[in-house]
Amino acid sequence: MKRVEALLTDPLYLEYIQRNTSIEEEEKFCKHDLQHMIDVARITYILVLEHQDLNYYLKEANLSGKLAAKETIYAAGLLHDIGKWQEYRTGVDHASLGARLAHELLPRAFFNDKEVEVVCQAIYEHRHISKDMSFLGERLHRADNLSRACLQCEARHRCVKFKNKEVGAYLLVY
Ligand SMILES: [Fe+2]
C-alpha cells in the first residue's frame, strides 16, 4: 500500500496529527490521535471484508481494483478526524474541516481525483448516520463508533453516545 505509506510519512499529515495530539494533551478519553486513526482504518476494512463487500464498494465508487479499494478505505480511516484541531479553534464541525484538509493531502499521496472525491465524501459524512450516505461513509461511521473502548472508560456514564449505545466495542456482538 505505497500510497497509504506516502500519506503516513507526509510531514503535513504528521503535523496535523501532532496538532490533534497537542490540543488534547489533557484529555483522558476519546482522543483523535494517530492510534485512533489507525484503529478506525483497520476496523473499516474489517467491516468491509466481513460482509464480503469489497467488490461492491469498488464498483459503487468506480475504482480501478482491490488495491485502490483497500487504499481508499485506509486513507479514509487515517484522515477522518484530521480536522479535529481546527474544530477546537473555530467550533466548526471537524467532518467538513477534515474533508477540506484531506482534499489537500490525498493528491500529495498520489490518489487520483475520483479517489479523492470518494474519501472526502466519506469523511464529510462520517459524523452522522443518514439514509443517503455513501457506502464508505456509513462503514467509516460504524468503525469510528466501534473503535472506542467505552467499557474501560470512567466517563462512560456521562457520555450521551454511550448511553444511547452508539459507541463501544460491545457493538461488535450485534
Ligand atoms: Fe474518530
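As the structure lists them, so they are numbered: ligands from 1, and atoms in each ligand from 1. We use all heavy atoms of the structure for the numbers below, so side chains are in, but hydrogens, waters and symmetry mates are not. The structure presented is a predicted model; accordingly, all values stated were derived computationally and were not measured.
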For residues 45-57, tabulate all N or O donor-acceptor pairs below 3.5 Å that involve a side-chain atom, not counting sequence neighbours.
{"residue": "Asp53", "atom": "OD2", "partner": "Arg139", "partner atom": "NH2", "Å": "2.7"}
{"residue": "Tyr57", "atom": "OH", "partner": "Thr72", "partner atom": "OG1", "Å": "2.8"}

*List, by chain and number, the other hydrophobic cluster members for Met133, where Ile, Leu, Val, Met, Phe, Trp and Tyr join if side-chain heavy atoms come within less than 4.5 Å, directly or indirectly.*
Ile129
*Kindly state whether the ring of His80 and the ring of His141 have centres lying under 6.0 angstrom apart.*
no
*Would you call Phe29 and Arg148 a side-chain contact if the rule is heavy atoms closer than 4.5 Å?*
no
*Between CG of Asn20 and CG of Asp33, what distance do you get to the nearest 0.5 Å?*
8.0 Å
_the Fe ion (ligand 1): protein N, O or S atoms that are less than 2.8 Å away, sorted by chain_ = His36 NE2, His80 NE2, Asp81 OD2, Asp144 OD1
_Going by side-chain contact (heavy atoms from CB on, under 4.5 Å), name the residues that satisfy it together with Gln18, two or more places apart in sequence or in a different chain._
Thr21, Ser22
